[in-house]
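To start, the structure under review is shown below, and the notes come after it.
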Protein chains: 2
Amino acid sequence: MVGALMRRPTIVDIAKAAGVSKGAVSYALNGRPGVSDRTRERILTIARDLGWVPNGPARALAPGGLVGAVGMVVDRPASELGAEPFFTRLVSGIETELSGSGVDLLLQVTADVEAEAAAYRRWAAERRVDGVVVVDLRENDHRTDLVRELPLPTVVLGGPEGADGLPCLWADDGAAMHEVVHYLAALGHRNAVQVAGPEYFRHTGVRAAAFAEAARDAGLKSAATAHADYTGDGGARATRRLLAHRDRPTALVYDNDLMAVAGLGVAAEMGISVPGELSIVAWDDSVLCRLVRPSLTAVSRDVEGSGAQIARMLTRLVAGERVHATEATRGDLVPRDSTGPLAED
Amino acid sequence: MVGALMRRPTIVDIAKAAGVSKGAVSYALNGRPGVSDRTRERILTIARDLGWVPNGPARALAPGGLVGAVGMVVDRPASELGAEPFFTRLVSGIETELSGSGVDLLLQVTADVEAEAAAYRRWAAERRVDGVVVVDLRENDHRTDLVRELPLPTVVLGGPEGADGLPCLWADDGAAMHEVVHYLAALGHRNAVQVAGPEYFRHTGVRAAAFAEAARDAGLKSAATAHADYTGDGGARATRRLLAHRDRPTALVYDNDLMAVAGLGVAAEMGISVPGELSIVAWDDSVLCRLVRPSLTAVSRDVEGSGAQIARMLTRLVAGERVHATEATRGDLVPRDSTGPLAED
DNA sequence: GCCGTGAACTGAACCGGTTCAGGAGGTGAG
DNA sequence: CTCACCTCCTGAACCGGTTCAGTTCACGGC
């Protein structure tokens, strides 16, 4: 190209080349009325030839302009996050949806809730994002108040209780938990324990309540909930304690798959056969469940799909549409080799 | 506060309150000469009282302004990424370094190299990032040319061969591989196979060459490299094929821990005892290696530390400093229960 | 008393878009 | 013929910073 610009072309360059004003170029490029079809065509051609791409900061700076980015903060210790497939899958899902529309994802990993709140404040104040995805709802979660006050368009993954009226994508964990417990009961188990996440997470409470209710329903003799922290080590510790018990459970239901894998390891280490003497169910079926031996029965959720779905909801919210609470696709119990009837003694 | 603004305060608001010009406020807030200490102090106080925070897009738009964000593209299929701890750990490490300096991380997951290149182009053209981290160097990698041409400040994770002169953070995989092979040889193994990643990755070649060389060095009778794709399923397939062989290997060295976990599962499924009949070594020691039974001997690398280090390098590069190729801390062989001498027949 | 100097500060341009008020010119109705 | 009205387009303001070229003023030297 002769006379190629060293710097990137701007709409002024297009305007000059087309012999029109900046404003006309802007209308043409944004598909708005105000220019004739002939002129629009000409401007678009020139823009394409020049390789014009809108400047992000300039767009964002204009009154009412959007940044073209959304944010997500994951508030879990870095050490724990590494092996936890859930967030990576969620991010993958969000990305597949966003990448099509040229919206970027800002990811932040924080060590505590205060740092997370600070991230939202900064993002809102500095105008780094158009909206955020909030995950891991807690009991008495102040983040819902914060994003509302800032204000920062928000979609919550979780809820609807605790989402405080914000648009949310929720899963019926209770129903899935009922399915799991009744399945275990049908296999003959009467003493089951749920190895749950920390009590301060909202969904922990939901699942624990469902577990207790389903256990009564299904006629289990004993059904307790032990709280761990989603880490492999935490899951292993909790499992060791439970299995060392005189009247040890014959079935364990884990709140994520990392703890389930750890539990499987502890059973092996203690010489307890799975599923002969102990059945294990994992939550959030990732590829891990299929890789270990015995393979893990798991509640399979379409995490990538939920990521894509929540990204769509946030995109629409940012665009000014009304977005309502939506139920995610129901989790499925996928039976594998880690569950079964108790072996004859 | 009386007369509180509904909109966020700008430097004009501060200027009005302080009775000075915009320019003076800018100088004061950025710690540049041009205002007296008294005035600077007054301006800073007012800014603090008003809760002023710089507007990101406005800063970025000003000539020579920085966006305050860096990007990373991970080019692996979403399905595979979920359970692969490496990237999550890397992101965690990058984040810990960036969060202190108010720089954001843009993460993108793409399905192929073309999409990755498109992401760099878009980020550069739209001015979304100040620089990028490039990972997973390939043979004949065009990305180095691309980022240089755009231009986009870049730090490469990997190299130094193939980094094409770009600043890079590299690990001496060869040395670690030698350590692994000599350890296996000392345990009495004479027939080992490396289950490697895809051939088009640069580090695959480096490790494979080191594996072959170390095998000669250590006097192994047979030492081949089988190429898989880093996925659990791929690792399982490769392992199944290898172990079905008449003259099957007695030691397997995997290029990541996910494939090693899969290999362990296949051994169990085929009734081959580990480490009695088969020793297994994993690369990239994540918590997974400690959770499975037997626990996996692994080459442990400080992935989080490398993430932090590369973030530091990129930050300095963006700031205009010269940054040189740097060697990451050496990987350590951490022996666990998956390696040992062959059991007496 | 005059001039040179440097510190402190101002005013305006600039970055690259969006948007609004208004003007030119053509057309159709009365 | 006149006027209203619509289409197409222009010019300028605006978003919120940074930076540069000047201006003002106090002070010191001779």
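- Judged as a side chain to side chain contact (heavy atoms under 4.5 Å, CB included), and not counting sequence neighbours, the contacts of A:Leu44 are A:Leu29, A:Arg40, A:Arg48.
- Summarising the geometry of A:Ala308 relative to A:Thr96, their closest heavy-atom pair is CB-OG1, 4.3 Å, with the distance given to 0.1 Å.
- A donor-acceptor distance shorter than 3.5 angstrom exists from the side chain of B:Arg127 to the backbone of B:Ala60, with no hydrogens or angles considered.
- No donor-acceptor pair under 3.5 Å is formed between the side chain of B:Glu126 and the backbone N or O of B:Arg128.
- Within residues 52-70 of chain B, the residues having any heavy atom under 4.0 Å from DNA chain C are, by residue number, B:Leu61, B:Ala62, B:Pro63.
- Each of A:Lys22 and A:Tyr27 lies near DNA chain C, and the nucleotide nearest A:Lys22 is the one positioned closer to the 5' end.
- By the 4.0 Å N-to-carboxylate-O rule, A:Arg202 lies too far from A:Asp136 to be salt-bridged with it.
- Between the A:Asp130 side chain and the A:Gly68 main chain, a donor and an acceptor come within less than 3.5 Å of each other.
- Comparing B:Ile11 and A:Ser21 against DNA chain D, the residue whose closest nucleotide sits nearer the 5' end is A:Ser21.
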- After noting the C-alpha distance and the side-chain angles of B:Asp13 and B:Arg8, does the key distance pass the salt bridge (Lys or Arg N to Asp or Glu O under 4.0 Å) rule? CA-CA 9 Å; B:Asp13 299 315; B:Arg8 301 209 67 87; over 6 Å; no
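- Within the nucleic acid shown, A:Val20 comes within 4.0 Å of sugar-phosphate atoms alone, with no base atom in reach, counting heavy atoms only.
- Remark: the backbone N or O of B:Arg89 is not paired with any side-chain donor or acceptor of B:Glu304 at under 3.5 angstrom.
- Here chain B contacts DNA chain C (any atom closer than 4.0 Å to a heavy atom, that is under 4.0 Å), and the contacts span C:dA8 to C:dG16 from 5' to 3'.
- For the pair B:Leu169 and B:Met313, the minimum side-chain heavy-atom distance is below 4.5 Å.
- Residues from residues 32-42 of chain B lying near DNA chain D, meaning a heavy-atom separation below 4.0 Å, are B:Arg32 in numerical order.
- Relative to the axis of its first five pairs, the axis of the last five pairs of the helix from C:dG1-D:dC30 to C:dG30-D:dC1 sits at 60°, rounded to 10 degrees.
- Taking every heavy atom of both residues into account, B:Leu61 and A:Pro57 meet most closely at N-CB, 4.1 Å.
- Panel note: side chain B:Ser92, backbone B:Thr88; a donor-acceptor pair is recorded below 3.5 Å.
- Applying the side chain to side chain contact (heavy atoms under 4.5 Å, CB included) rule to A:Thr110 yields the partners A:Val73, A:Asp75, A:Gln108, A:Ala115, A:Glu116; only residues at least two apart in sequence or on another chain are considered.
- Listed for the B:Arg138 side chain is no donor-acceptor partner under 3.5 Å among the backbone atoms of B:Arg143.
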